[in-house]
Amino acid sequence: MPAPRIAPSILSADFGRLRGQVEEIVAAGASVIHVDVMDGHFVPPLSMGPQVVSALADLGVMLDVHLMVERPERQVADFASAGASQITVHAEATPHVHYALQAVRDAGCRAGLAINPGTPVGALEGVELDCALVMTVNPGWGGQAFIPASLERIRRVRDLIGPDAELEVDGGIDASTAGPCAEAGASLFVAGSAIFGKDDPAAAYAAIAAAAGA
Ligand code: DX5
Ligand code: ZN
């Protein structure tokens with residue numbers, strides 16, 4: 001299995017001092033930064049676009065872009081040229097999943113496919129993936145509670161994708177939920193409010209990393 005890593009989500013960061021917050025968490029050990037993109041359609045809120053990826057592109061970390069947008073294939077080129085390392089699209093957001101993933105690869109990025117809590121895990125079958133993202137809350141907002149039934153889904157996805165692929169979990173991940181997710185087969189752990197929502201993000205990062213075995 002890939003070595004466990006934590007991906008702090010900047011959705012919960014203080015945008016007035018975004019770069020400083022990211023530098024602080026990178027200094028604490030983070031090598032992946034998760035960027036949540038929302039379009040006001042696939043999920044109700046609007047969040048951020050490729051400009052934010054560009055602004056962080058020189059930091060030398062993996063920029064993990066999570067597209068919660070309809071027809072994500074139309075956005076791939078802009079995020080790739082902004083400096084995304086991995087681009088994840090939602091299975092529910094396009095009738096052209098295979099095409100979208102191919103577009104991500106053709107743009108030189110790792111290709112991820114995400115499934116919502118209500119989507120059958122079989123949606124991850126039959127396409128070439130670098131990363132499977134199992135949503136452990138319904139997408140759209142930080143700070144929600146982890147859905148316990150996710151653990152069984154993580155186990156089934158790990159069986160489906162095999163031991164070598166990245167399995168990312170996103171939503172409600174903290175020092176108490178990261179351990180059970182790791183046991184179930186997760187290797188990449190997104191955490192937003194449990195890191196940037198805390199007074200000491202570096203200490204919070206360290207606690208989640210320890211729980212995940214990272
Ligand atoms: C939710 C986003 C998450 C969000 C997680 O739709 O995809 O990445 O930042 O936030 P927490 O860790 O607070 O649940
Ligand atoms: Zn996310």
Side-chain angles (χ1 to χ4, degrees), residues 4-15 18 21-22 25 30 32-50 52-53 56 61-70 72 75 79 84-93 104 109-119 130-151 153-154 166-182 186-199 201 203-209 211-212 214:
R5 289 180 294 176
I6 310 302
S9 165
I10 58 171
L11 188 65
S12 293
D14 176 352
F15 273 68
L18 177 62
Q21 288 231 287
V22 172
I25 215 66
V32 184
I33 296 294
H34 186 82
V35 180
D36 285 306
V37 179
M38 306 183 185
D39 67 350
H41 293 275
F42 181 67
V43 291
L46 289 166
S47 63
M48 58 194 107
V52 173
V53 174
L56 302 174
V61 293
M62 173 176 167
L63 295 176
D64 174 32
V65 175
H66 178 193
L67 293 182
M68 287 164 276
V69 307
E70 284 176 12
Q75 311 296 333
F79 282 95
S85 317
Q86 172 164 286
I87 298 177
T88 296
V89 303
H90 266 266
E92 307 85 0
V104 172
C109 301
R110 288 169 53 82
L113 183 59
I115 52 170
N116 284 339
T119 299
D130 298 303
C131 178
L133 196 176
V134 177
M135 289 303 301
T136 45
V137 299
N138 285 293
W141 301 271
Q144 302 179 77
F146 180 85
I147 298 172
S150 305
L151 291 174
R153 289 167 57 78
I154 294 165
E166 194 84 76
L167 198 169
E168 183 171 16
V169 288
D170 185 1
I173 302 299
D174 58 20
S176 68
T177 54
C181 287
S187 53
L188 184 58
F189 302 80
V190 177
S193 54
I195 292 179
F196 290 115
K198 302 292 181 190
D199 290 339
Y205 171 87
I208 297 170

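One-based numbering, in listed order, for ligands and for the atoms of each.
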Check ligand 1 against the protein and report each N/O to N/O distance under 3.5 Å, formatted as atom name, atom name, distance.
unit_1   : atom_1 : unit_2 : atom_2 : d
ligand 1 : 6 (O)  : Gly140 : N      : 2.7
ligand 1 : 7 (O)  : Asp36  : OD1    : 3.0
ligand 1 : 7 (O)  : His66  : ND1    : 3.2
ligand 1 : 7 (O)  : Asp170 : OD2    : 2.9
ligand 1 : 8 (O)  : His34  : NE2    : 3.3
ligand 1 : 8 (O)  : Asp36  : OD1    : 3.0
ligand 1 : 8 (O)  : Asp36  : OD2    : 2.7
ligand 1 : 8 (O)  : Asp170 : OD1    : 2.7
ligand 1 : 8 (O)  : Asp170 : OD2    : 3.0
ligand 1 : 9 (O)  : Ser9   : OG     : 2.8
ligand 1 : 9 (O)  : Asp36  : OD2    : 2.9
ligand 1 : 12 (O) : Gly192 : N      : 2.8
ligand 1 : 13 (O) : Gly143 : N      : 2.8
ligand 1 : 13 (O) : Ser193 : N      : 3.0
ligand 1 : 13 (O) : Ser193 : OG     : 2.5
ligand 1 : 14 (O) : Gly172 : N      : 2.8

The criterion is ring pair (Phe, Tyr, Trp, His ring centres under 6.0 Å); which residues satisfy it with Phe42, sequence neighbours excluded? His90
Heavy-atom side-chain contact between Pro180 and Phe146 under 4.5 Å: no
Between atom CG of Asn116 and atom CE of Met68, what is the distance when rounded to the nearest 0.5 Å? 10.0 Å
Measuring only between side-chain heavy atoms, which start at C-beta, is Cys181 closer than 4.5 Å to Ile173? yes
Kindly write out the residues that satisfy side chain to side chain donor-acceptor pair (under 3.5 Å) with Thr88, not counting sequence neighbours, or none if the list is empty. none
Rounded to the nearest 0.5 Å, the OG atom of Ser9 sits from the CG atom of Asp170 at a distance of 6.5 Å
Check whether any side-chain heavy atom of Val37 lies under 4.5 Å from a side-chain heavy atom of Phe79, and answer yes or no. yes
In the protein, N/O/S atoms that are found under 2.8 Å from the Zn ion (ligand 2), waters not counted: His34 NE2, Asp36 OD1, His66 ND1, Asp170 OD2
Is there a donor-acceptor contact under 3.5 Å linking the side chains of His34 and Asp36? yes
Between atom CD1 of Ile208 and atom NZ of Lys198, what is the distance when rounded to the nearest 0.5 Å? 8.5 Å
